[in-house]
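Notes follow once the structure below has been shown.
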Amino acid sequence: MNHMIYLDNAATSYHKPKCVLETLAYHTRNSSANAGRGGHDASVRASSLLMEARETAADFFGISDPLRIVFGQNTTMALNLGISGLIQDGDHVVISSMEHNSVSRTVAARENVEYTVVMANEQGYLNPFDVDRAIRTNTALIVINHASNVTGSVQDIRSIGKIAEKHNIPLLVDAAQSAGCIPIDVEQMNISLLAFAGHKCLMGPLGTGGLYVREDIPIRPVLFGGTGSMSESLSMPEFLPDALEAGTVNAPAFAALASGIRFVERHQSEIRQKETYLTQRLLHGLLNLDSVTVYGSPLQQNRVGVVSFTIDGRDPAECSNILNQKNHIAVRAGLHCAALAHQTIGTIQGGTVRASVGFFNKPSDIDALLLAVKHLC
Amino acid sequence: MKYAYIIYNSITFASRVKREAARSFCWCSMLQTPGEISTNGCSYSIRCKVEDVPKVAAVSSRLNIQIKGIYLSRQEQGKVTYEPYDLS
Ligand SMILES: Cc1ncc(COP(=O)(O)O)c(C=O)c1O
């Protein structure tokens, strides 16, 4: 597997910083007791690790109270906790047409909840005023994808946050593709709930993600079970994180996520610079190939390193199979669990090939992909 | 030796206070609340020196974390007894 060129960072960051791998290994060996489920030293140590991870994540996102961060397995879980914990029968929800299925399916699954899909343009950008126009008297939640996993388009969350504030409606931001790539400050952006992946741009291990819930948001538990607190009661505790964090949390993985966040913090400008450079190189190369169509913005502004394209007369799945088998390049083809986004950009039939860059990619990885795509044209 | 037990609803609260207290050089330990003074199942306490109670209480209040009770422990002839501590 050593010679694989990994360009599927939007799915998960395969290559992790050494500090993340070492932290994970160290704490798996030395701190694998169950956090919050005992008073013995090993359990207390695991609880402290989790608290340190919460503090690290809170600092990173401008969250003043780390106890408002709930840890879970991934962004999907965080989005489910946020959406299902907030909306009730009779409510209306506003989502965008760039949403991942972890938002659209979760909202659509509620029979007695109506929702409006605000359309982005064909490059994947929303007009914040359209979000404003979609709001009704019974709108209980706005859910917006920060950075698209199909086009890489980044939405103007600050403006949407202002709209949400004006109407006093909670704004849930899906930061699966942005947390770690784009600076996020929940207070400045007026984000009421933030769902993030630990295992993508924050460089943490698989199985890590989280949800921030602002203090004034009344959220109900979605998952029920042990929390290591108030065990005499048949109800879930009302305080966070316990109210939304039933079951054992993987403390070593979150300690490693904290390492990943610190790594990203230390290298923030370097990461941004490198990913921008690699994305530009990729966009430029693809746009120069006649039979390739690139989706999303051809420019670098307001985008992350996710690039979708198709090759005339070629099935995207076939392209990715050839790239994998012949060139050992890992990309992803199809709808990327985001049918709405593909409807928006006109690629719902067959989807696209998606290449997504990460900090550990080299310019030669991009060149290898471009050469392989050229051979497919 | 007398210790103070400051009781919280969860280990998450206790560990948040403990870490924050350590930042102002107030060192405490964290342990499951002894049954005799526990306000509910699975509560956790911070154990600290009696003179540090006001500091820990101030940290809790700054973090908006509710204290469920404060007790002083005394060990006599191998037996531990607890008496409530009045913060005011
Ligand atoms: C925009 C977006 N939202 C949500 C998800 C789901 O993330 P996870 O795999 O962490 O559950 C993804 C995954 O790729 C995504 O790209």
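Just so we're on the same page: letters track the sequence lines, and every chain starts at 1.
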Taking side chain as everything from C-beta outward and backbone as N, CA, C, O, which of these in [X] sits under 4.5 Å from a heavy atom of chain B? Side chain, backbone, both or neither.
X	value
A/Arg37	backbone
A/Pro237	neither
A/Glu55	side chain
A/Leu49	neither

For the pair A/Thr227 (side chain) and A/Ser229 (backbone), establish whether a donor and an acceptor sit closer than 3.5 Å, ignoring hydrogens and angles.
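Yes; at least one donor-acceptor contact below 3.5 Å.
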Can you confirm whether the side chains of [X] and [Y] place a donor and an acceptor under 3.5 Å from each other?
X	Y	value
A/Thr248	A/Asn34	yes
A/Thr208	A/His199	no
B/Tyr44	B/Ser15	no
A/Ser259	A/Thr23	yes

When you check the gap from the basic side-chain N to the acidic O, do B/Arg62 and B/Glu20 get nearer than 4.0 Å?
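Yes, this pair counts.
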In terms of heavy-atom proximity below 4.5 Å to chain A, should B/Arg16 be classed as side chain, backbone, both, or neither?
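For B/Arg16, backbone and side chain are both near chain A.
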Contact part of B/Thr12 toward chain A, heavy-atom cut-off under 4.5 Å: side chain, backbone, both or neither?
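Backbone plus side chain of B/Thr12, per the 4.5 Å heavy-atom cut-off to chain A.
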Just so I understand: if I count every heavy-atom pair under 4.5 Å between each of A/Ser48, A/Gly228, A/Ser43 and chain B, which residue has the most?
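The option with the most such pairs is A/Gly228.
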Give the member of A/Asp41, A/Asp242, A/Asp65, A/Leu50 that has the highest number of heavy-atom pairs under 4.5 Å with chain B.
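The option with the most such pairs is A/Asp242.
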